[in-house]
Amino acid sequence: MFLLPLPAAGRVVVRRLAVRRFGSWGLSAADMTKVRGDVSRPNSCFKTTISSCFRSGPPLKAGKTRTFYGLHQDFPSVVLVGLGKKAAGIDEQENWHEGKENIRAAIAAGCRQIQDLELSSVEVDPCGDAQAAAEGAVLGLYEYDDLKQKKKMAVSAKLYGSGDQEAWQKGVLFASGQNLARQLMETPANEMTPTRFAEIIEKNLKSASSKTEVHIRPKSWIEEQAMGSFLSVAKGSDEPPVFLEIHYKGSPNANEPPLVFVGKGITFDSGGISIKASANMDLMRADMGGAATICSAIVSAAKLNLPINIIGLAPLCENMPSGKANKPGDVVRARNGKTIQVDNTDAEGRLILADALCYAHTFNPKVILNAATLTGAMDVALGSGATGVFTNSSWLWNKLFEASIETGDRVWRMPLFEHYTRQVVDCQLADVNNIGKYRSAGACTAAAFLKEFVTHPKWAHLDIAGVMTNKDEVPYLRKGMTGRPTRTLIEFLLRFSQDNA
């Protein structure tokens, strides 16, 4: 519904640029104005005024803004944003839809300009893709300031005109899912304990759908499950571990096998006895990014009412040094009976995932997918350009890749060669070592380690360490924790449900 603008309202108008000349308006919404109720009429005067203002200055580059005041009685502030070249589509070199990315970036820039003007609402031109526009608005306006006394103006973004409200709301849902992951990752570790994380997800999931179950498993349950690898990491901290198990039962067939998502949930990673350098250690509050993204994706799937069954598993604990902590050279036993030589206590994520992956097999799943901020080597390899995907299934890879093109939150396939497996199973004291024999290819040897705890033919490991934070690489995300690749996971689940139907 097109709402009457508030007195302090802004308007984002998006202008599409051709290669050498200005093109047409992004959508006819730029030519409309509110009369009464839901009736709109062309406002050629408004368009003419904006066009003359637009041509009065130098060409507006993609993602750049220009603000005008007093052009229209309903919109005291109008922000024009460059949208980039016309007819931009899928770029096979970049592996994303350039047009959608341009819209996200442009709308984010325009909405932030409105926020800087301290206006409380903005009506956004859909630019031909209301979902991408909504994602740009909601993602671009988000900033974690929960613990600050002085906060930025909260801006309410709405679709301008009576266009594709369904697509707009879908974009809001996708972006809100990513923002939930951002909030979980950004919150300080003294606030975001394993128990608190589980409580927040329980609240969000139960409010999303009645077709859900949440089990917050205590230490005693973890011990009963013989998850010795997970417990070996948790024992170094005074904060009790939690194994979070969430179920979304969307399929009309209650017995239909689920998809199982597993997320690394280290709520703070000091490195343990193999302690990290102090510089930037604060960022390790987000070492539960895998758990944050998979749980947020499942919450979003529940809101979408997808007709599939999904289970989320998140082993949650801290990795701390103490007299009880793992020591280099210790040997621990995983749920499947394999022994693990712990030569580096800072390679702890794979230890907690090993037990969770073993447990995932008990649900007879269609797919097992895990996400983890697992290795600094992944950041070295791909940086923030894409999530690294290691998988034993080309079918699963293709589904993830197709989803990522749509969302612009890209993935890139990495090798899962026997070459790397040999480097972790060649172990002096146990069945497998938690680090590779050599310094090289750390992300690949970490994936090879996880593969030792997987027998399912459709499994993917997403190493999201490189995409954990944003400086300025993604224009529609502010500096801080990204919540990536939540939207790609949601899109994957949406497409899977459609194919399944």
Side-chain angles (χ1 to χ4, degrees), residues 138-139 142-148 151 154 172-219 221-222 230 234 237-249 260-269 282-304 310-319 349 352 356 370-373 464 468-469 480-487 489-490 493:
V138 176
L139 291 171
Y142 177 84
E143 183 172 17
Y144 180 83
D145 59 3
D146 295 13
L147 304 177
K148 291 184 177 182
K151 303 177 187 293
V172 170
L173 189 150
F174 271 57
S176 297
Q178 183 168 344
N179 285 350
L180 173 59
R182 293 166 84 183
Q183 182 184 23
L184 292 166
M185 294 170 71
E186 199 74 80
T187 303
N190 62 322
E191 298 274 342
M192 192 57 62
T193 63
T195 301
R196 181 64 183 139
F197 181 101
E199 290 171 348
I200 292 172
I201 292 300
E202 179 179 33
K203 179 181 177 181
N204 277 271
L205 188 63
K206 288 188 173 180
S207 66
S209 172
S210 60
K211 305 173 184 178
T212 57
E213 289 180 8
V214 178
H215 305 283
I216 301 176
R217 312 288 196 186
K219 182 181 178 182
W221 181 91
I222 301 168
F230 175 24
S237 174
D238 289 339
E239 198 65 50
V242 166
F243 192 95
L244 177 62
E245 180 179 324
I246 61 177
H247 294 245
Y248 167 64
K249 300 179 178 181
V260 178
F261 281 11
V262 181
K264 172 186 170 182
I266 299 292
T267 57
F268 187 76
D269 182 16
D282 65 294
L283 297 178
M284 291 298 98
R285 66 186 181 275
D287 208 27
M288 29 59 74
T293 55
I294 67 108
C295 288
S296 297
I298 294 171
V299 168
S300 300
K303 289 181 179 179
L304 287 167
I310 315 169
I311 294 173
L313 307 176
L316 297 157
C317 69
E318 294 180 336
N319 184 28
I352 70 171
N370 73 263
T373 51
I464 63 174
M468 182 181 81
T469 62
M481 303 305 171
T482 65
R484 295 171 63 190
T486 301
R487 286 183 301 112
L489 294 177
I490 300 169
L493 290 170

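Given the structure is predicted, the values throughout are model-derived calculations rather than measurements. Counting begins at 1 with the first residue of the sequence.
- Side chains of H247 and T212 form no contact here, defined as non-hydrogen atoms less than 4.5 Å apart.
- One N or O on the side chain of T293 and one on the backbone of G290 form a donor-acceptor pair closer than 3.5 Å.
- Rounded to the nearest 0.5 angstrom, L316 CG and E239 CD are separated by 11.0 Å.
- Taking each heavy atom of S296 and G177 in turn, the nearest pair found is CB-O, 3.3 Å.
- Atom NZ of K211 has more than 12 heavy atoms from other residues, nucleotides or ligands within 6.0 Å.
- To the nearest 0.5 angstrom, T187 atom OG1 is 7.0 Å from L147 atom CG.
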Before giving the answer on side-chain contact (heavy atoms from CB on, under 4.5 Å), spell out for V138 and F174 the whole-Å C-alpha distance, their side-chain angles and the decisive distance to 0.1 Å. CA-CA 9 Å; V138 176; F174 271 57; over 6 Å; no
Give the intermediate values and the outcome of side-chain contact (heavy atoms from CB on, under 4.5 Å) for residues T267 and C317. CA-CA 6 Å; T267 57; C317 69; over 6 Å; no
Side-chain donor-acceptor pairs of residues 189-205 under 3.5 Å, sequence neighbours excluded:
residue, atom, partner, partner atom, Å
T193, OG1, R196, N, 3.2
E202, OE2, K206, NZ, 3.3
N204, ND2, I200, O, 2.8

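- For the pair F230 and I222, the minimum side-chain heavy-atom distance is below 4.5 Å.
- Taking both residues in full, the closest heavy atoms of G312 and I298 are given as CA-CD1, 3.5 Å, listed atom of the first, atom of the second, then distance.
- S300 places no side-chain N or O within donor-acceptor distance of the main-chain N or O of I490, the cut-off being under 3.5 Å.
- Atoms CG and CE, on N319 and M284 in that order, are 11.0 Å from each other to the nearest 0.5 Å.
- No side-chain donor-acceptor contact under 3.5 Å links Q178 and T486.
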Would you sort out whether M288 and F268 count as a side-chain contact (heavy atoms from CB on, under 4.5 Å), showing the intermediate values? CA-CA 8 Å; M288 29 59 74; F268 187 76; over 6 Å; no
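- Residue pairs satisfying the salt bridge (Lys or Arg N to Asp or Glu O under 4.0 Å) criterion with at least one member in residues 284-302, sequence neighbours excluded, are listed as follows: E186-R285, K264-D287, D282-R285.
- Going from atom OG1 of T373 over to atom CE of M468 covers 6.5 Å, rounded to the nearest 0.5 Å.
- At least one side-chain heavy atom of L139 sits under 4.5 Å from a side-chain heavy atom of N179.
- The number of heavy atoms from other shown groups lying within 6.0 Å of NZ (K148) does not exceed 12.
- Atom-to-atom distance recorded for I246:CD1 and I311:CD1 is 10.0 Å, nearest 0.5 angstrom.
- Between L313 and L244, the closest side-chain pair of non-hydrogen atoms is not below 4.5 Å.
- Taking 4.5 Å as the limit, every side-chain heavy atom of Y144 sits out of range of all side-chain heavy atoms of R182.
- Residues that satisfy the ring pair (Phe, Tyr, Trp, His ring centres under 6.0 Å) test with F243, not counting sequence neighbours, are W221, Y359.
- Here the side chains of M481 and L184 are not in contact, with every heavy-atom distance at 4.5 Å or above.
- Residues P315 and G263 share a closest heavy-atom pair of CD-O, 3.3 Å.
- The distance from atom CG of N370 to atom CD1 of I294, rounded to the nearest 0.5 Å, is 9.5 Å.
- Contact of the V242 side chain with the P218 side chain is not registered, since no non-hydrogen atoms from C-beta on lie closer than 4.5 Å.
- Residues P240 and K219 fail the side-chain proximity criterion, which asks for heavy atoms closer than 4.5 Å.
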